[in-house]
Amino acid sequence: MSQAILSIKDLSIHYISEDKIVPAVNKVSFDIHPGEVFGLAGESGCGKSTIAFAISRLTKLPGLITGGEILYQGIDVLSLNQEALRQYRWAETSLVFQSAMDALNPVLSIEEQICDTLFAHQKIDKKQARERASELLELVGIDPARMGEYAHQFSGGMRQRIGIALALALKPKLIIMDEPTTALDVVVQRDIIEKIYQLKEQFGFAVLYISHDLSMMAEFSDRIGVMKDGELLEVAPAKQIWRQPEHPYTRQLAKAFMSMNNASAGGARANVHHQPILALNQVSKQFKTKAGFLRSKPFNALTNVSFELNPGEAMALVGESGSGKSTCAKILSQVYAPSSGELLFHGKNVWQEKASKQAYRKAVQMIFQDPFGSLNPTLNVGYQLARPVQIHHPHYSTKEVQVRVDQLLELVGLPSAWARRYPHELSGGQRQRVAIARVLAVEPEVILADEPTSMLDVSLRTGILNLLKQLKDDFNIAFLYITHDIATARYFAERTAVMYRGTIVEWGNSDAVTEDPRHPYTRTLLEAIPNPDHHLSENRQTSLMQQIWNPNGRGCTHSHYCEGPCQHELTTVQISPHHFVRHFDFGPYHDSLKHMPKKRA
């Protein structure tokens, strides 16, 4: 193998607090070679990002590099002066951050940000800088005509592409990518990974790829190092790490991956007829968006959406960001009123009946995506669980409230002594368990779970889903599980509905929808699931994002792409007794759909 472009030797980093010194990285050593993708895997807090910042000499107090060497092409990075460091940081190595929205300057256009990077390192004029900015945006698949726009005007996936364009601006030999796809939808995530791999093949730079998702890393990396508690436990080729891991912790990370093979729904209950607790009936929601000075234009967030939630059953709502999933949840929680259609609670139209809002909100509760933002950091866990109990049970004595708080913590698998802890003293998974306990405090009939595991490490997600499953069965609660991950939808929910551009395009028993997908968008979601048994170089395909079609505002949302565009009202095709798909024109595939034999779900 060629000489290493980066060598980490016995690197140790500590964090200094008022009363103690905490080891974050303990004598870690590894090499990265030219053109190689080296993956660094592990849970949050294991030291991955601390190493990334140390390589870029961005470690700040209370962090302190206490030992070891960082050698870039044989040069000691830790001894570089400020001028040499300035050249090293973007011309030799660059960094793609986890949150592109935070990494990009909100008050500068994309063109200005790229040009500023070029001006800081190269002697070029404005025309040359603009041409290079245009070239970089084209490389990452963004129309150069949009470079005068600002970060907030792009989607999450596009912002991450801009971050990659900035990292490529000075043609570095090493790019450090710190969880660049964690906050993105599964389809966008797949597309970003394929774009990084394509650019790496084209320009030959090396990549240090940091993630907690071992399955995705195995598909993308050449070698992988696995970290836990600041120590590097194992380094080996990606295939070996995935198929024959040596360390027990590596085996644990691999086991946490949820594929379609090990995600099997309990679909039997989906066929039992219940009186729905909550339902949307032909609901549409329209917003007004700015279209110029004192002008606006309508935006259809939802179009004729219908589904029902039954006791003791979970329905998954699956789709990309902007598909309308969270809008459905906000209508169900009465944050938004529908523009048309009905919200039915025990068969009665909520917006026509003068029912108590407090009674409805007691019955319909929500678990939020971000366990870090949904809890008050200034109040301890016990207070945050006691408050809803006191509001809905004002006759309870102080002792009865405390007993209820202890019961809630026990229900979600946490010790009662943790009632005295504050949110910052808990891990992400523990915070989400507290958020679930707070929802249970009011004994709801329906729980709306909006991406409850997407911000957690892969190893924690199954535990949270198993907890929700148990609560669903024990208390006969109806669940709406909102996600972009169709594998977890199948694992948790008896029924699945796939949303695309404000419309439900396929729905039915989870097993039927995932084993026999008929709509192209459902197939796209399934294709985006990582396939760690095959390296990306063996499994290249057309960009999935190119397969997600843009609506033209009339008829089928896929009509812009299809042969013989359908401009008529959508109709429903029944594939089997418990599996349905929207009728659309899609060339010869459409004909086979019309004559599809019915199967049992």
Between Glu515 and Arg490, is there a salt bridge with N-O shorter than 4.0 Å? yes

Side chain proximity check, Thr453 to Phe492, heavy atoms < 4.5 angstrom: no

Nearest heavy-atom contact between Ala167 and Trp90 is CA-CZ2, 4.0 Å

Out of curiosity, Ile193 CD1 to Thr181 OG1, how far, rounded to the nearest 0.5 Å? 4.5 Å

I need the Glu69 CD to Ser29 OG distance, nearest 0.5 Å. 9.5 Å

Distance (rounded to the nearest 0.5 Å) between Leu139 CG and Ser134 OG: 10.0 Å

With rounding to the nearest 0.5 angstrom, report the CD1 to CE distance, Ile110 to Met158. 11.5 Å

Leu168 side chain reached by Ile175 side chain, heavy atoms, under 4.5 Å: yes

Would you compute the distance between atom CD of Glu234 and atom OG1 of Thr250 and round it to the nearest 0.5 angstrom? 4.0 Å

In terms of side-chain heavy atoms, does Glu320 have a donor or acceptor partner in Ser323 at a distance below 3.5 Å? no

When rounded to the nearest 0.5 angstrom, what is the spacing between CG in Leu465 and OG1 in Thr483? 8.5 Å

Gln82, CD: over 12 other non-hydrogen atoms inside 6.0 angstrom: no

Over 60° means perpendicular and under 30° means parallel, so tell me whether Phe205 and Phe203 are parallel, tilted or perpendicular. parallel

Heavy-atom side-chain contact between Tyr72 and Ile70 under 4.5 Å: no

For Gln244, does the CD atom sit with more than 12 other heavy atoms under 6.0 Å from it, leaving out its own atoms? no

State whether Tyr88 and Arg57 meet the cation-pi test: NZ (Lys) or CZ (Arg) under 6.0 Å from the six-membered ring centroid, and within 45° of the perpendicular axis. no

Within a strict 4.5 Å, meaning less than it, do heavy atoms of the Phe154 and Arg146 side chains meet? yes

